[in-house]
Amino acid sequence: QVHLVESGGGLVQAGGPLRLSCAASGSIISIDAMGWYRQAPGKRRELVATITSGGSTTYADSVKGRFTISRDNAKNTGYLEMNSLKPEDTAVYYCNADVVAVDYYGEDVPASLWGQGTQVTVSA
């Protein structure tokens, strides 16, 4: 009964900005670390950025300086602001969140959630 839903993907020209959102819903008690991953056609999934519950961030070298990960704890939502986009950024972007949620039996348990992905296409 807990879900992550990504939104904000689309088609953008190289050099442009885009902001992705990751909204958590359901019986979530808390959200610990969050992260964004991406998978380009024919390539393996790549970690893009992470953010802890305290706001500490990490970035892949390929996006450092261009992307910014953030979160709004009151809204149970994470964001990825993407700037200076390049064609090689084209991928399906997935949100991940480590949460404490209420399980099927009504107990508080840790869980790792994944969204369904949102397509980002950067045209040259």
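- Shown here for Ala14 and Pro87, the closest heavy-atom pair between the two residues is CB-CD, 4.1 Å.
- Side-chain contact between Arg19 and Tyr79 is present, with heavy atoms from C-beta onward closer than 4.5 Å.
- Within the structure, salt bridge (charged side-chain N to carboxylate O under 4.0 Å, His left out) pairs that include any residue of residues 81-99 comprise Arg38-Asp89, Arg66-Asp89 (at least two apart or interchain).
- One distance of note links CD1 of Ile51 with CG of Asp32; it measures 12.5 Å at 0.5 Å rounding.
- With contacts defined as side-chain heavy-atom distances shorter than 4.5 Å, the pair Ile31/Asn73 does not qualify.
- Of the possible donor and acceptor atoms, one in the side chain of Thr90 sits under 3.5 Å from a partner among the backbone N and O of Val122.
- When all heavy atoms are compared, the tightest approach of Leu20 to Gly9 is CD2-N, 3.6 Å.
- Of all non-hydrogen atoms in Ser112 and Asn96, the two that sit nearest each other are OG-ND2, 3.0 Å.
- In the hydrophobic clustering of this structure, Val12 groups with Phe67; members are Ile, Leu, Val, Met, Phe, Trp, Tyr whose side-chain heavy atoms approach within less than 4.5 Å, directly or through other members.
- Annotation for Ala49 and Tyr59: closest pair CB-CD2, 3.6 Å, computed over non-hydrogen atoms.
- Across all non-hydrogen atoms, the minimal contact from Gly35 to Ile69 is CA-CD1, 4.4 Å.
- Counting only distance, with no hydrogens or angles, the side chain of Arg71 and the backbone of Ala33 share no donor-acceptor pair below 3.5 Å.
- Under the 4.5 Å side-chain contact rule for hydrophobic residues, Tyr94 and Leu80 do not share a cluster.
- Counting only residues at least two apart or in different chains, side-chain hydrogen bond (donor to acceptor under 3.5 Å, both in side chains) contacts with residues 115-124 comprise Gln119-Thr121.
- In terms of heavy atoms, Cys22 sits closest to Met34 at SG-CE, 3.9 Å.
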Q. Please walk me through it: do Ile28 and Val100 pass side chain to side chain contact (heavy atoms under 4.5 Å, CB included)?
A. CA-CA 6 Å; Ile28 294 173; Val100 177; over 6 Å; no
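- Residues Asn76 and Ser25 have side chains that never bring a donor and an acceptor to within less than 3.5 angstrom of each other.
- Classified by interplanar angle (parallel below 30°, tilted 30° to 60°, perpendicular above 60°), the ring pair Trp114/Tyr37 is tilted.
- Of the inter-residue distances, the one linking Leu4 atom CG with Ser21 atom OG reads 12.5 Å to the nearest 0.5 angstrom.
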